[in-house]
A.B. asks: 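The structure that follows is given in the form of structure tokens.
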Amino acid sequence: PEIQPIINKEEMESFPKLFIPGPTFVPNHVMQSLTSPQIGHRTAEFSELMSTVVSGIQKVLYTNNHVYLASHAATGLWEMGIQNSVKKGILHTVNGSFSSKWASVSKDCGHETGVLEYEWGKGVKADDVDAQLSSGKYDVFAMVHNETSTGVFSPLEPISELLKDKYPHIIWLVDAVSSMAGVKIETDNLGIDFLLSSTQKAWGLPAGFSVCAVSDRLIELSKSIPNKGYFLDINVYEKYYKKMQTPSTPSIPHLFGLKYVLEQIEEEGLENRWVRHIENAEYTRNWAKDRGQSLFPEEGFESPTITCIQNDMEWDINGINDQLLERGFRMDRGYGKLRGKAFRIAHMGNVMKEDLTEYLNNFDEVLNG
Ligand code: PLP
């Protein structure tokens with residue numbers, strides 16, 4: 001018999017379509033891919049499923065590194081990265097809420113933690129990183145690629161050049177939570193040791209699952225680090241990875257969901273996908289500028305997945321929010337201290353040009369209303 005959703009169609013459609021930067025919009029055909037059979041996680045069919053998912057993710061990340069699948073939010077992978085790498089000290093760049101939280105996690109884990117702090121809205125610069133790393137106090141460097149709180153995107157290429165040139169021994173951890181699968185990240189060419197994301201952003205799946213790509217030298221380094229606990233120990237992951245399994249019982253629906261999304265990505269084509277995200281970002285930036293607003297990030301650091309708009313025109317963001325909700329759209333009103341002063345529009349994952357124009361047309365009608 002046909003599977004009936006627990007929530008009926010009307011109820012499903014009563015929830016607003018999401019244009020917030022995570023969780024992002026998941027259309028029904030993607031949701032349905034999670035309505036999968038349960039399979040034993042120590043079986044050949046599971047290993048086959050995991051192998052398909054892992055090799056698909058490796059293609060999206062341009063890497064041969066091992067890809068681990070974790071049945072929890074990306075915050076846990078922050079700790080995995082730190083606890084398997086730091087011996088001497090870790091340098092964090094901080095330019096928004098998520099990068100700040102990651103730095104505080106390192107402190108809470110008891111590591112010698114340095115912070116290179118930027119004003120919100122500014123991007124990470126290789127020269128500043130150089131000045132900090134030259135102190136010799138650090139063996140690990142951690143940064144957020146796409147600061148979701150501010151829509152600031154810090155290109156990885158200049159950092160990669162710096163690390164290859166002057167600090168080849170430094171382990172490089174990159175949070176790509178709101179850029180992975182929406183932006184081209186050539187992991188192996190860049191030399192990233194630990195690249196992490198969760199599934200509710202540009203992967204376009206529900207939250208509660210995360211993925212990371214781990215370099216061989218980090219796997220090797222982890223062996224020499226004691227007291228990592230069990231749940232986030234890379235060596236434990238590695239033991240099961242050899243059998244194409246996860247250490248503990250995983251969220252099987254997420255694996256089926258990833259398999260489906262990877263097929264969709266394959267169909268779209270990787271280069272097309274990167275171009276779509278850039279074009280949708282440009283469209284949104286121009287939309288904002290044409291209406292007298294400016295962009296919150298400093299020039300050259302605007303995100304391809306989230307546009308953060310400075311509210312120069314002093315639009316009534318709460319009023320717009322209420323009206324968009326009535327029309328069936330969930331907007332963002334600005335993160336934390338930016339509430340009302342700068343707001344974000346997410347255009348990643350399953351958000352196609354038609355979805356974006358539908359949203360922005362409705363936004364216009366509310367503005368002109
Ligand atoms: N890092 C960034 C840049 C984020 O935007 C988020 C969540 O929004 C996180 C980390 C935390 O991700 P999760 O909620 O999956 O733990």
Side-chain angles (χ1 to χ4, degrees), residues 18-26 57 68-83 90 92-106 108-109 115 118 120-124 141-156 159 172-183 185 192 194-213 231-232 250-251 254 257-258 261 277 296-297 301-308 330-339 342-349 351:
L18 302 180
F19 284 87
I20 54 173
T24 58
F25 166 57
V26 184
I57 295 174
Y68 300 154
L69 308 175
S71 295
H72 53 74
T75 304
L77 293 184
W78 279 350
E79 264 180 64
M80 181 190 275
I82 298 161
Q83 296 298 64
I90 179 164
H92 280 266
T93 54
V94 168
N95 61 341
S97 175
F98 292 99
S99 44
S100 170
K101 240 185 237 174
W102 196 9
S104 71
V105 171
S106 282
D108 290 345
C109 287
V115 168
Y118 291 95
W120 281 34
K122 303 289 182 217
V124 175
F141 170 58
M143 65 179 282
V144 172
H145 188 202
N146 196 60
E147 226 331 321
T148 315
S149 58
T150 56
V152 168
F153 175 80
S154 299
L156 298 172
I159 307 289
W172 188 17
L173 316 179
V174 178
D175 169 325
V177 168
S178 55
S179 56
M180 186 189 286
V183 176
I185 304 175
I192 301 168
F194 190 76
L195 181 72
L196 71 103
S197 177
S198 36
T199 48
Q200 75 276 18
K201 310 278 188 191
W203 285 108
L205 283 164
F209 200 85
S210 49
V211 303
C212 60
F231 194 57
L232 299 169
S251 170
H254 274 99
L258 273 167
V261 164
H277 282 79
F296 184 73
F301 293 87
E302 301 90 348
S303 163
T305 55
I306 303 157
T307 296
C308 187
R330 169 71 66 192
M331 80 174 285
D332 167 74
R333 289 178 288 163
Y335 190 95
K337 66 184 181 187
L338 296 180
R339 174 67 61 105
F343 63 97
R344 299 163 301 168
I345 298 175
H347 31 72
M348 60 177 124
V351 176

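Read the numbers this way: they start at 1 and go in the same order the structure lists the ligands and their atoms.
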A.B. asks: In terms of atom number and element, which parts of ligand 1 are under 4.0 angstrom from non-hydrogen atoms of Ala73?
C.D. replies: 13 (P), 15 (O), 16 (O)

A.B. asks: Roughly how far, to the nearest 0.5 Å, is the OG atom of Ser154 from the NZ atom of Lys122?
C.D. replies: 12.0 Å

A.B. asks: Side chains of His347 and Thr307: is there a donor and an acceptor less than 3.5 Å apart?
C.D. replies: yes

A.B. asks: Give the residue and atom name of whichever protein heavy atom lies nearest to atom 8 (O) of ligand 1, and the separation in Å to one decimal.
C.D. replies: Lys201 NZ, 2.7 Å

A.B. asks: Find the distance between CD1 (Ile306) and CZ (Phe153) and round it off to the nearest 0.5 Å.
C.D. replies: 11.0 Å

A.B. asks: Any heavy atom of Trp78 sitting closer than 4.0 Å to ligand 1?
C.D. replies: yes

A.B. asks: Does ligand 1 have an atom that lies less than 4.0 angstrom from a heavy atom of Asn146?
C.D. replies: yes

A.B. asks: May I ask you to identify the nearest protein heavy atom to atom 1 (N) of ligand 1, giving residue, atom name and distance to one decimal place in Å?
C.D. replies: Asp175 OD2, 2.6 Å

A.B. asks: Let me see the working for Asp108 and Glu79 under side chain to side chain contact (heavy atoms under 4.5 Å, CB included), right down to the final yes or no.
C.D. replies: CA-CA 10 Å; Asp108 290 345; Glu79 264 180 64; over 6 Å; no

A.B. asks: Among Tyr335, Trp120, Trp78, whose ring pair (Phe, Tyr, Trp, His ring centres under 6.0 Å) with Phe98 holds?
C.D. replies: Tyr335

A.B. asks: Which residue holds the protein heavy atom closest to atom 14 (O) of ligand 1, what is that atom called, and what is the gap in Å?
C.D. replies: Gln200 NE2, 3.6 Å

A.B. asks: Please confirm whether Lys101 approaches ligand 1 to less than 4.0 Å, judged on its heavy atoms.
C.D. replies: no

A.B. asks: Between Thr75 and ligand 1, find which residue part has any heavy-atom pair under 4.0 Å and reply side chain, backbone, both or neither.
C.D. replies: both

A.B. asks: Kindly identify the option in Pro21, Ala176, Ser97, Ala74 whose heavy atom sits closest to atom 12 (O) of ligand 1.
C.D. replies: Ala74

A.B. asks: Can you tell me the protein heavy atom closest to atom 9 (C) of ligand 1 and the distance?
C.D. replies: Phe98 CD2, 3.7 Å

A.B. asks: Would you find a donor on one side and an acceptor on the other, under 3.5 Å apart, between the side chain of Thr199 and the backbone of Pro206?
C.D. replies: yes

A.B. asks: Using a 4.0 Å heavy-atom threshold (strictly under), name the region of Ser198 that reaches ligand 1: side chain, backbone, both or neither.
C.D. replies: side chain

A.B. asks: Side-chain donor-acceptor pair under 3.5 Å between Ser97 and Ser149, yes or no?
C.D. replies: no

A.B. asks: Report the nearest protein non-hydrogen atom to atom 3 (C) of ligand 1: residue, atom name, distance rounded to 0.1 Å.
C.D. replies: Thr148 OG1, 3.3 Å

A.B. asks: Hey, is the main chain of Pro21 close enough, under 3.5 Å, to the side chain of Lys201 for a donor-acceptor pair?
C.D. replies: yes

